[in-house]
Amino acid sequence: MKRVIEVDGMCCKRCAERAEKKLLLLDGVTGARANFKKGVILVESTLKDEELAACVTDAGFAVKEIRVRKGLFG
């Protein structure tokens, strides 16, 4: 399932890369693309929202919302 994770605290390219790498380490995540300018991470995963939120929080970011990605641009 494709989801959009809105986050606080992602302020640069290195932050976005850290979030992507942390998510991609999880079994069940097949894709992750972070955009620090928009404060979102696009994720393709079979995991529950709680598991994704815990991973993003562990990476140092605050999760504002997780929603199902609809269409091409979320």
Side-chain angles (χ1 to χ4, degrees):
M1 177 179 291
K2 295 180 181 181
R3 283 174 265 177
V4 178
I5 304 172
E6 291 186 30
V7 298
D8 272 335
M10 196 167 45
C11 59
C12 64
K13 185 177 179 179
R14 294 190 81 194
C15 290
E17 290 171 355
R18 185 173 76 230
E20 289 174 2
K21 287 179 183 178
K22 189 81 168 170
L23 284 163
L24 289 170
L25 289 174
L26 294 175
D27 287 334
V29 174
T30 57
R33 174 69 69 192
N35 184 324
F36 73 92
K37 292 179 182 177
K38 293 182 179 181
V40 298
I41 308 168
L42 305 177
V43 180
E44 189 164 346
S45 171
T46 58
L47 300 175
K48 296 179 181 179
D49 289 352
E50 297 81 21
E51 294 170 291
L52 296 173
C55 180
V56 172
T57 301
D58 189 47
F61 309 106
V63 176
K64 296 193 307 188
E65 179 185 18
I66 299 178
R67 65 180 185 275
V68 175
R69 183 176 170 197
K70 298 177 183 174
L72 291 175
F73 302 105

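All residue numbers in this chain count up from 1 along the given sequence. For clarity, every value in this text was computed on a predicted model and none was experimentally measured. Side chains included, hydrogens not; waters and symmetry mates left out as well; all remaining heavy atoms used.
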Less than 3.5 Å apart, which donor and acceptor atoms pair up between the side chains of residues 24-38 and the rest of the protein, not counting sequence neighbours?
unit_1	atom_1	unit_2	atom_2	d
Thr30	OG1	Glu44	O	3.2
Asn35	OD1	Lys37	N	3.0
Asn35	OD1	Lys38	N	3.1

Please tabulate, for side-chain N and O atoms in residues 9-18, each donor-acceptor pair with protein atoms closer than 3.5 Å (sequence neighbours left out).
unit_1	atom_1	unit_2	atom_2	d
Arg18	NE	Ala59	O	3.0
Arg18	NH2	Ala59	O	3.2

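Atom CD1 of residue Ile41 and atom NZ of residue Lys22 lie 12.5 Å apart, to the nearest 0.5 angstrom. Between the CG atom in Leu42 and the CG atom in Leu23 there is a gap of 11.0 Å [rounded to 0.5 Å]. With rounding to the nearest 0.5 Å, the separation of CG in Asp49 from CD in Glu65 is 10.0 Å.
When the side chain to side chain donor-acceptor pair (under 3.5 Å) test is applied to Glu51, no partner is found at least two apart in sequence or on another chain. A search for salt bridge (Lys or Arg N to Asp or Glu O under 4.0 Å) contacts involving Glu6 returns Arg67, not counting sequence neighbours. Remark: Asp8 pairs with Ala62, Lys64 by the side-chain contact (heavy atoms from CB on, under 4.5 Å) rule, at least two apart or across chains.
When all heavy atoms of Arg3 and Ile66 are compared, the closest pair comes out as CD-CG2, 4.0 Å. For the residue pair Leu47 and Ser45, the shortest heavy atom distance occurs at N-OG, 2.9 Å.
Within the 4.5 Å cutoff, no side-chain heavy atoms of Ile5 are placed close to those of Val40. Side-chain contact between Thr46 and Met1 is absent, with no heavy atoms from C-beta onward closer than 4.5 Å.
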